[in-house]
Structures are given as C-alpha cells and as structure tokens.
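Contents: one structure, followed by commentary.
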Amino acid sequence: MKINDVILRTISRIVVFIILTFGVYLFLSGHNTPGGGFIGGLVLASAIVLLYLSTDIETVKKSLPLDFKYVAALGVLLATSTGFGSILFGVPFMSQTFAYFDLPVFGLTELTTVTIFEAGVALTVVGVLVTIILSISEDGG
Amino acid sequence: MFSINLVILIPFIAAALLPFSYRRFNKTHLGWFVLIVPIVLFVLLARLIPSVASGKTYVHTYEWIPTLDFNFTTYLDGLSMIFALLITGVGSLVILYSIFYLSSKESLQHFYCYLLLFMGAMLGVVFSDNLMVLYVFWELTSVSSFLLIAFWNHRQASRHGAQKAMLITVSGGIAMLVGFIMLHTMTGSFSIREIIASISEFSDHALFIPAMILILLGAFTKSAQFPFHIWLPDAMEAPTPVSAYLHSATMVKAGIYLVARFTPVFGADEVWFWVVSIVGMITLFWGSFNAVRQTDLKALLAFSTISQLGLIMSLLGLGSIALQFGYSADSVMYTQATFAALFHLINHSTFKGALFMVVGILDHELGTRDVRRLGGLMTFMPFTFTVALIGSLSMAGLPPFNGFLSKEMFFAATVHIMEVDIFSLPSFGIVFPVIAWIASVFTFIYCMIIVFKAFLGKPQPEKLDKPIHEAPIGMLIAPMILAALVVGIFFFPNLLGQYILQPAMSSIYPNFGDTADLTPKISAWHGVKPELLMTIGVILVGAILFKFLKLWKPIYGLFSSRFTLNALYNNLLASSVSKSNIVTNRYMNGLLRHYLIYIFVFFVLAVGGYLFYSRAFSFDISTNAPFRVYEVCLVAIMAVAALSMLFAKSRMTATLLNGVLGYSIAIFFVIFRAPDLALTQLVVESVTTALFLLAFSHLPDWKKEKLPTRTKVVNGIISIMVGLVVVLVGLSVVDFTQFETISSYFEDAYELAGGANIVNAILGDFRGFDTMLEVVVLFIAGLGVYSMIKLRAKKEDENIEDQ
C-alpha cells in the first residue's frame with residue numbers, strides 16, 4: 001500500500017530537528033528546570049521514530065548507521081559505571097557531586113556528575129525504545 | 001599503595017576485557033596472556049608473606065552501602081593468605097596446563113573469562129571481612145563454576161552436572177545467608193572481626209545454634225560433605241583443568257575456609273565440635289570407600305577428593321575442642337588438629353592437583369580414563385608415571401612425600417581426642433581413630449589402583465583409540481612442579497609451618513597466647529608412636545586387600561542403585577519439575593484476562609487491605625483547595641472518554657479515546673504545576689500511540705465479545721474495586737502519616753545536590769540506585785522484546801543438543 005505522505009515527509013524533515021534540539025535541551029536543563037535524562041531520552045527517541053515513520057527504514061539506516069541495541073547497552077554501562085566510579089574516589093556507591101566552574105564561553109557554569117548518569121539513562125531510553133519499535137515494525141510487516 | 005581490593009578486582013577487570021580483546025591474540029594461545037594475571041597476583045601476595053608471618057594484617061575498607069552496614073572490607077591475615085596463595089598459585093599452574101590441554105579451536109575466550117571470574121570470586125570469598133560481600137562472592141563462585149562445568153555444553157552430562165552442582169551449592173549458600181543475617185541480628189555487625197570479638201556474649205542466644213547450623217550447611221554443600229557430596233562426581237564432566245582447579249584446590253575448599261574462619265565464632269560450642277568432626281569423619285569414610293569401586297580414574301579422584309575434604313573437615317572439628325577448654329597448656333595439644341588440617345589442605349592441593357592433571361593427560365593423549373582399558377603405561381610415559389607415582393604415594397600417606405606428614409598428624413589428632421573427657425562414655429572416643437584408620441586403608445587401596453592398574457601390568461593398546469605415547473612437555477610442566485612441591489614440602493615442612501601455617505593458626509585461635517605454642521615442629525621421624533603403627537597397619541592391610549580386590553569387590557553390588565542419594569536427588573528434581581508444572585499450568589493458562597485478574601485482585605487486596613488494616617482511611621476534604629471550572633471540565637471529558645471506550649465500535653476509536661484520557665492527565669499535571677510529569681506523560685502517550693499504530697495491522701478484528709453474564713459481573717466488580725481503591729488512596733494520601741515524610745530531602749535539594757529540579761535530584765542523587773536498576777530493568781525488558789520477536793526459535797533448529 002502506498003500512501004500519499006508528501007506532507008508528512010516535508011513537515012517531519014523540519015520537525016525532527018526541532019524535536020531533537022528540544023530533546024537535547026530538555027536533557028541538559030534537567031538539573032534545574034523540568035527535563036532530565038528520562039524525558040530527554042524519550043523526546044530524542046520519538047524524533048528518531050518520526051524519522052523512521054516518514055522515511056523508509058533503509059534510508060534512515062544509511063544516514064543513521066547506529067545499532068540501537070548497542071546504544072542501549074552503552075547507556076546501561078554508563079549509568080552503572082558512574083556508580084562504581086564514585087567508589088574509585090573512596091565515597092559510597094552511587095554518590096554524586098557537583099561544582100561550579102568558570103568556563104570561557106558559558107561563564108559560571110555548574111557541572112555535576114549526575115549528568116553522566118543521566119546521559120546513561122537517556123541513551124538507554126533511546127536505545128530500548130527505538131529497538132522495540134523497530135523490531136515490532138519490521139516483524140512480518 | 002598496594003591494596004587487597006585490587007587483588008580481587010584484577011581478575012574481574014581482566015575477565016571484562018577479554019571478550020573485547022581476544023581477537024587480537026589470534027596467533028598465540030589466549031592462555032599465555034591470561035596466565036599473567038595469577039602470576040602477578042601470586043607474586044604480589046608472596047611478597048607479603050614475611051610481614052603476615054610477623055603478625056601483621058591488612059585491612060582496607062570501601063564504603064559500599066554504609067546505611068545497611070554493607071562495606072567492602074578486605075582483610076588479609078594468615079588464614080586468607082593460605083587460600084589466596086593456593087588460588088593464585090594453583091591457578092597459574094592450571095592455566096599453564098590448560099594452554100596445552102585446550103586447543104585453540106575451543107571458545108577459549110569464554111573459558112578464560114569464566115576462569116578469571118571464578119578466580120576473582122574465590123579471592124573475594126577469602127578476603128571479604130563483610131559477611132554480605134562474602135556471600136555475594138560465594139554465590140559468584142557457584143555461578144562461575146556452573147559456567148565452567150557446563151563448558152562443553154553440547155553434552156547432556158555436562159549440563160546435568162553443572163545444574164546439580166549449582167542447585168546443591170546455591171541452596172547451601174542461601175542457608176548460609178540466613179545464618180549470616182542471624183549473626184547480624186545477634187551481634188549487630190556484618191564484620192567477621194567484630195563478630196569474633198563480641199560473640200562470647202551471645203553464646204546462649206536463641207539464634208546461636210540455628211545460625212551455626214545454617215552456616216555449616218553452606219560450608220558442607222560447598223565442600224561436598226556427606227550427604228551433599230553427590231554433586232562432585234557429576235561435576236567431573238568439566239574439562240580437566242577445571243576439575244584440577246575447582247574440584248581439588250579451590251572452590252571445594254571454600255567450605256573448609258568458612259569452617260576455619262568461623263571456628264573462633266562457634267568453635268567453643270560443643271555442637272560445632274560434634275557436627276563438624278562427625279560429618280567430616282563420615283565423608284572421609286564414605287568417599288574413600290566409594291572411590292575404590294570406580295573404574296573411571298577421574299571419578300575415582302572425585303571420590304578421593306570428597307574423602308580428603310572430609311579428613312580436613314574432621315580435623316577442623318577436632319581442633320575446635322581446644323576452644324571449649326579455653327587457653328591452657330593442655331588444650332594447646334588439641335590445636336594441633338587444626339594445624340594438621342591446614343597442613344593437609346596445602347598438601348592435598350599439591351598432590352591432588354598433580355593427579356588430576358595426570359588423569360587429564362591420559363584422557364587427552366589416549367582417549368580414555370577407564371582403568372580397565374589402561375595398563376602398562378609406565379615404560380611409554382615415564383614422566384607422567386613419575387608424577388602419578390609421587391601423587392598417589394603422597395595421597396596414600398607414604399614417605400618421603402608430604403601426604404605422609406599430614407596423615408601422621410591426622411592419626412595423632414584422632415588418638416589425642418580419646419583422652420578428652422567429652423562424653424559420658426569414655427570409650428566412645430575410640431571411634432575416631434578407628435574410622436580414620438579404616439578410611440585410610442581404603443585410601444591406600446585406591447591409590448594403588450591408580451599406580452598398578454593404570455601404569456603397571458600389561459599394556460593393552462588394542463583397547464585404546466590412540467597409540468600410547470608420552471605427553472607433550474608443556475602439558476607436563478605444571479604437574480611436575482606440583483610433584484616437586486610434594487617432595488619439597490616433605491623435606492622442608494617447617495618452613496611452611498613457620499611462614500604460612502603459624503599466622504593462620506593465630507587467626508583461628510586469636511586468644512591463644514604465644515603463637516609459637518600453636519606451631520608444632522613437623523618431623524618425619526617422631527619415634528614409634530601410635531600414629532606410626534597405624535600407618536604400618538594401613539600399608540599391610542591395604543596391600544593385602546588390594547591383592548584380593550577381586551574377591552571382595554562384589555560387596556559394592558549389594559547397594560541397590562535405587563536407594564542411593566543420587567536417586568533421591570534425581571527423584572526430587574524430577575518430581576519438583578512435574579509438580580510445579582501441574583501447579584503452574586493451572587493458573588498460567590495463556591488467557592491475558594486471567595493474568596489481569598490476578599494482578600488487579602492482588603492490587604486490591606494488598607493496597608486496599610493495607611489501607612483498611614492501618615486505618616489510614618481518614619481524610620478531610622475541607623482543607624483541600626476548591627475546584628475550578630476547568631478542572632471540572634477535564635474530569636467530565638475524561639469520564640465521557642472512559643465510558644464511551646466501553647461502547648466503542650472500532651479499535652481505532654478506542655485507541656483515540658485512550659489517547660484523550662492520557663493527554664487529559666497531562667493537562668492535569670500542567671494545571672497542578674508538575675511540568676516534569678506532564679512532559680513525560682505527553683511523550684509516553686505519543687510513543688505508545690505510535691507503537692500501537694505499528695502493531696495495528698497485526699491485531700485481530702475488534703469484535704464484541706460474547707461473554708457469559710457471570711464473567712461480566714466478576715470483571716465489573718473487579719474494575720470497580722480497583723477504581724475505588726485508587727480513589728481511596730488518592731484521598732487518604734494527604735493525611736497519611738504512616739511513614740516518615742521525605743519532604744525535608746526535597747527542601748534541601750539545592751544544597752545537597754546542587755539542582756533546583758527536585759524530581760531530578762531524587763532520580764539522580766537521592767535515589768540514584770533505584771534509577772540505575774530501573775535503567776537496567778528497562779534494558780533487559782527491551783532485550784526481551786527484541787529477542788522474542790527476532791530470535792524466535794525455528795522448529796528445525798531445536799535439536800541442536802547432544803551431538
């Protein structure tokens with residue numbers, strides 16, 4: 001079945017970038033305003049899903065050569081290893097810390113180890129969601 | 001700084017790197033690279049021997065979950081030193097041996113990964129001071145040994161043996177865990193050192209004996225003591241390097257370690273003495289008795305290992321009697337049993353390791369381990385024969401080999417125990433030396449079987465698959481080193497006694513004054529004493545019985561195979577599978593509706609029941625904020641959407657109505673100023689809708705179900721109950737005071753975590769552990785979905801087993 005998807009394609013080309021940017025923004029702003037790894041990951045995943053919906057899978061695979069199973073695995077590894085990372089500094093498992101740095105462009109910025117942990121969460125969410133959706137859609141199609 | 005934690009971590013790190021890097025080492029055998037790990041660890045530990053011998057101990061603590069008293073505390077003293085040296089030392093030799101034993105065609109990266117995991121876990125067991133950490137490592141040895149035993153997993157016997165070993169050792173481990181928790185309940189500490197220091201105040205506590213028995217269960221299952229020994233012969237399906245390592249030198253000795261480690265905790269109690277020494281004695285006898293009937297050399301060695309472990313165990317039991325009397329000049333005599341136990345532990349690792357490797361050589365080079373097919377190998381395999389001879393004679397307890405020394409001390413300990421007035425019947429003590437002597441006669445016989453049946457006599461090349469030839473030199477290095485140790489220890493036993501055994505003795509008897517008293521001088525000739533006469537008797541009677549083996553061997557046929565412990569285990573396993581199948585099939589009937597009923601009924605009972613039970617119903621609407629117009633509108637919309645879903649004519653309509661519900665909830669979150677939740681709800685709603693659309697074409701037609709009225713009524717009641725409970729929870733949550741409020745955390749979020757977003761501070765900082773595990777769960781669920789869809793087993797691929 002061939003559906004007329006000109007509108008979907010045209011709009012999604014622009015929208016995907018907006019959603020992706022929004023996802024990254026949500027992820028980074030999560031520490032102080034609404035957002036965070038989970039939501040950021042969800043938004044990123046939905047952008048990727050939209051990409052898959054509007055264009056066919058082969059094209060996306062060419063332009064986005066990622067195996068999302070590995071993305072998810074990397075996320076889990078990152079999230080768990082931050083826990084062990086704190087052990088290396090002699091503090092209890094899963095301790096997080098933060099500090100303020102004066103960076104050249106951004107000015108006084110707060111950097112925190114939670115961001116690494118949250119990045120793991122986000123990658124896991126993206127990886128798992130896209131993997132599930134892709135495998136369901138590819139199944140017997 | 002050198003730290004013991006690092007010693008535990010190095011094998012794990014190496015194991016983690018192996019799967020990523022093994023492809024680089026295609027040309028050379030992977031074992032050569034793995035070999036570096038135990039050698040480095042051995043050297044690191046060996047450098048500490050002098051300072052440990054002078055009484056120094058190393059403690060290192062990393063806080064893990066300090067609120068629960070779980071800390072990663074490592075503790076190096078004399079006792080853990082012995083075991084760590086065995087683990088790394090024998091480990092090095094076994095890996096060296098395995099390089100020649102396993103061809104590069106096998107999946108070596110798996111083998112060495114499991115082996116390193118196992119090595120790290122064993123080091124963790126002997127170094128952990130915290131009981132919970134010890135337990136984690138303890139079960140990790142079970143898991144990694146499972147993987148190792150089932151390494152040739154295309155064979156059914158391997159899988160069966162691995163399962164048996166794991167089932168038995170893990171159930172013992174769980175019993176041990178309960179015992180540990182009891183110890184914590186009594187003493188309020190998970191630290192072994194602290195428990196040892198304070199245990200004397202708790203010896204009449206109601207949990208004291210149960211805790212002791214449960215911990216002993218863990219030790220007995222791991223060390224294959226009667227009646228849990230049945231897993232060890234089946235575990236011999238593993239590749240021989242594994243048998244040599246796990247089933248003679250390390251894993252089975254974890255139980256010995258545990259008993260030795262807990263001797264200062266429980267040893268002063270009479271029950272400990274009786275249980276440990278009697279179980280050890282029975283195991284010693286039963287193992288040696290059954291070893292004689294085996295025709296497979298590896299099975300023979302398995303039973304011999306069981307028997308020798310029983311010997312060490314009984315010695316530890318006998319040695320604990322010294323703690324009952326407290327420290328005195330008389331009681332020091334009994335500590336010699338413990339000394340003999342530790343001494344024999346080392347000796348056993350040397351000679352049994354060598355013997356296992358010899359049997360592996362025979363298997364590898366000739367294709368069989370059956371004594372009925374072997375014979376006359378002496379002239380063809382002189383080096384293998386020499387090692388076998390040294391190992392066997394040492395195991396039989398003959399000079400000039402180290403087994404002789406510890407065997408003599410064992411006899412001496414059993415003779416001493418007769419002098420203790422611990423029973424109302426003074427003559428009962430004679431049982432110990434008698435059993436020891438009889439078991440030693442059988443030990444002598446099976447050692448002779450190895451030497452005479454396999455290596456002497458007439459060669460039978462027609463029964464072998466391959467021509468008889470000597471093993472390659474590389475394969476012989478490791479067993480020859482062990483054989484050299486067997487002889488070396490005989491001539492210089494006191495060096496071992498002073499540097500290795502003495503510090504271990506002082507960790508088992510912490511309050512026993514001068515450590516020099518605890519270290520008897522080991523000498524090969526100590527005059528004509530009962531123990532020497534016993535040894536001579538063993539040789540005479542053993543030689544006669546061996547000569548007439550054919551005449552009395554039929555007595556083994558008297559035991560019906562239907563009434564053995566193995567049959568009991570198999571029946572238990574089979575019936576538990578079939579019984580649980582019957583039970584499971586009753587409720588897992590494949591109807592999604594039924595599963596939902598279980599979930600909802602459980603929810604109503606658990607949550608509603610708790611609300612009712614805790615009288616938390618009280619709620620007061622008067623203090624709540626007044627309703628506003630759009631809230632009422634939203635509720636109305638949601639109610640209409642929910643109700644019309646019941647009467648929807650098509651699946652698409654139902655989905656859209658469901659979407660209306662979801663987005664309305666998101667709007668509620670917006671109104672009530674929960675932007676995080678609103679965002680999440682919106683995105684989740686969109687993604688689920690997308691998922692649904694993807695699956696849409698696979699779903700069957702939407703039909704009105706013709707359900708009987710009774711089912712409809714039941715469903716209706718359940719759904720109303722669920723709704724009611726949710727509403728009640730929502731109403732009463734405002735006034736709920738059952739648990740301590742956590743709002744103070746939220747108020748301090750900015751100071752504690754540096755984040756103004758409380759939700760994220762909870763997810764990342766305060767409850768990061770939960771989030772981490774949730775991520776893992778999500779990942780596993782994703783993999784589950786993926787493999788269910790992608791890797792559905794195809795019918796023709798199902799028979800890949802048992803090639």
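Basis for what follows: all heavy atoms, side chains included, without hydrogens, waters or symmetry-related copies. Letters A, B, ... mirror the listed sequences (proteins, then strands); counts begin at 1.
Closest heavy-atom contact between A:Phe38 and A:Val121: N-CG1, 4.0 Å. The nearest pair of heavy atoms linking A:Gly41 to A:Val126 is O-CG2, 3.3 Å.
Both the backbone and the side chain of B:Thr771 come within less than 4.5 Å of a heavy atom in chain A. Only the side chain of A:Phe22 comes within contact range of chain B, with at least one heavy atom under 4.5 Å from a heavy atom of that chain. If you measure heavy-atom distances from B:Thr680 to chain A, the contacts under 4.5 Å come from both the backbone and the side chain. Heavy-atom distances place the side chain of A:Ile39, and not its backbone, under 4.5 Å from chain B. Only the side chain of A:Leu26 comes within less than 4.5 Å of a heavy atom in chain B; its backbone stays farther off.
Donor-acceptor pairing under 3.5 Å is lacking for the side chains of A:Thr131 and A:Tyr70. In this model, a donor atom of one side chain and an acceptor atom of the other lie less than 3.5 Å apart for B:Asp129 and B:Ser191. Defined by atom type and a distance below 3.5 Å, a donor-acceptor pair is present between the side-chain atoms of B:Ser650 and B:Thr653.
Each of A:Ser29, A:Gly37, A:Ala73, A:Gly75 has some count of heavy-atom pairs under 4.5 Å with chain B, and the biggest count is that of A:Ala73.
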